[in-house]
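Along the sequence shown, residues are numbered consecutively beginning with 1. Atoms considered below: every heavy atom in the structure, side chains included; atoms not considered: hydrogens, waters and symmetry mates. Quick caveat: nothing in here was measured; it's all calculated off a predicted structure.
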Amino acid sequence: MRPKRVLVKLSGEALAGQAGSGLDGHTLTALAADIAHAAREGVEIAIVVGGGNFFRGLQGLNKGLDRPSADSIGMLGTVMNALALEHAIETAGAPARAMSAVPMPSLCESYARRRALDHLSNGKVVILGGGTGNPYFTTDTGAALRAAELDCSHLLKATQVDGVYTADPKVDPKATRYDTLTHAEAIKRDLKVMDTAAFALARDAGLTIVVFSIAETGALAAVLRGEGRATYVTP
């Protein structure tokens, strides 16, 4: 596959390891090493990171918060993860820059498209926190938006399973994996890969979505070489 520029959607839960919440040092180090290795192979990488390991916006609705307030707290969680990834990736030997859609200049650079493109062209891994900067939008939608505006050819959805299945393989042992799908098929079959708004954005931008497991060491570098198991969702 070897694309020139990709956007990786990384869930906050992926950074929590077996603990299920917060940051797991071993997991963070391993993921950062995988990302740094892929960057050194010449691919320009942007990352949109979630914040579910700290706080999920929808959980706030059960705590007496309204949706905008809860989503705002969730956005802060994504910035925390972006800062952690920035340090870990640089420690792994690749230059990185955290940017936030919610301005907080004392902590990190504010997101601006041209500035992000400049960082990417200069070999930096760009980690994008703060979602879209607005409530009611998931980080999946934010990932599709950033992938489109940063001229990425592929949106890589890093999950805990090695592709898209007909059902949850952890629940249904008869679930089978798709090798390829179109965006229209994924929406019609109601496959819970990304939310509908994210799919619509990806379809309109002509993005190929690659769903793969981030659990194995070197998984990202492998999928960028066209190796390993993954599902390709094409326009």
Side-chain angles (χ1 to χ4, degrees), residues 7-25 27-28 31 46-89 96-116 119 125-150 155-160 168 187 190-202 204-205 207 209 214:
L7 186 139
V8 179
K9 168 55 174 55
L10 186 63
S11 69
E13 289 88 342
L15 302 176
Q18 296 298 317
S21 63
L23 289 169
D24 177 74
T27 301
L28 179 63
L31 285 172
I47 301 170
V48 165
V49 63
N53 53 325
F54 290 118
F55 189 89
R56 297 182 67 87
L58 291 177
Q59 292 174 345
L61 302 181
N62 299 322
K63 302 179 187 298
L65 297 172
D66 61 13
R67 180 68 182 271
S69 298
D71 283 355
S72 294
I73 297 171
M75 287 179 216
L76 295 178
T78 71
V79 176
M80 293 162 67
N81 283 331
L83 292 171
L85 272 173
E86 178 187 50
H87 175 75
I89 292 168
R97 184 60 56 90
M99 305 182 83
S100 173
V102 180
M104 44 186 73
S106 63
L107 295 178
C108 62
E109 191 173 338
S110 298
Y111 173 76
R113 176 178 179 268
R114 289 188 179 276
R115 191 66 178 147
H119 289 321
V125 177
V126 176
I127 308 108
L128 302 164
T132 66
N134 300 286
Y136 294 99
F137 291 93
T138 66
T139 48
D140 278 352
T141 301
L145 172 64
R146 299 297 183 230
E149 65 183 4
L150 293 176
L155 195 170
L156 277 54
K157 170 101 182 209
T159 70
Q160 300 302 310
D168 186 344
I187 294 171
D190 196 27
L191 300 173
K192 304 299 184 182
V193 187
M194 304 181 86
D195 59 74
T196 304
F199 265 128
L201 256 172
D204 292 347
L207 289 167
I209 302 171
I214 197 68

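For S69, the side chain to side chain donor-acceptor pair (under 3.5 Å) partners are D66, not counting sequence neighbours. Applying the side chain to side chain donor-acceptor pair (under 3.5 Å) criterion to T78, with sequence neighbours excluded, gives no partner residue. For D204, there are no side chain to side chain donor-acceptor pair (under 3.5 Å) partners, not counting sequence neighbours. D190 meets the salt bridge (charged side-chain N to carboxylate O under 4.0 Å, His left out) test with K192; sequence neighbours excluded.
For the pair V79 and G130, the tightest heavy-atom approach, listed with the atom from each and the gap, is CG2-N, 3.7 Å. For A116 against Y111, the heavy-atom pair with the smallest separation is CB-CE1, 3.8 Å. L28 and A88 make their closest contact through CG-CB, 3.8 Å (heavy atoms, listed as atom of the first residue, atom of the second, distance). Residue A148 comes nearest to L207 through the heavy atom pair N-CD1, 4.2 Å, listed as atom of the first residue, atom of the second, then distance.
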Which pairs of donor and acceptor atoms, one on a side chain in residues 96-106, lie under 3.5 Å apart (sequence neighbours left out)?
residue: R97; atom: NH1; partner: E109; partner atom: OE1; Å: 2.9
residue: S100; atom: OG; partner: V102; partner atom: N; Å: 3.0
residue: S100; atom: OG; partner: V102; partner atom: O; Å: 2.6

For residues 11-25, run the donor-acceptor check on the side chains, cut-off 3.5 Å, and write out each pair with its distance to 0.1 Å, sequence neighbours left out.
residue: S11; atom: OG; partner: A14; partner atom: N; Å: 3.1
residue: E13; atom: OE2; partner: R56; partner atom: NH1; Å: 2.6
residue: D24; atom: OD2; partner: H26; partner atom: N; Å: 3.4
residue: D24; atom: OD2; partner: T27; partner atom: N; Å: 2.8
residue: D24; atom: OD2; partner: T27; partner atom: OG1; Å: 2.7

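In this structure, F54 CZ and I73 CD1 are separated by 14.0 Å, a value rounded to the nearest 0.5 Å. The line from CD1 of I47 to CG of N81 is 11.0 Å long, rounded to the nearest 0.5 Å. Expressed to the nearest 0.5 Å, how far CG of L128 lies from CZ of R146 amounts to 6.5 Å. Between the CG atom of L31 and the CG atom of L85 there is a distance of 7.5 Å, given to the nearest 0.5 Å.
For the pair K9 and V49, the minimum side-chain heavy-atom distance is 4.5 Å or more. Counting heavy atoms from C-beta on, the side chains of I209 and F199 come closer than 4.5 Å. Two residues are said to be in side-chain contact when any heavy atoms from C-beta on lie closer than 4.5 Å; L145 and T132 meet this criterion. Side-chain contact between L201 and T141: present, with at least one pair of heavy atoms (C-beta onward) separated by less than 4.5 Å. Looking only at side-chain heavy atoms (C-beta outward), L150 and V126 stay at 4.5 Å or farther from each other.
Panel note: side chain D140, backbone A198; no donor-acceptor pair is recorded below 3.5 Å. The closest donor-acceptor contact from the side chain of R113 to the backbone of E149 lies under 3.5 Å. Between the D195 side chain and the T138 main chain, no donor and acceptor come within less than 3.5 Å of each other.
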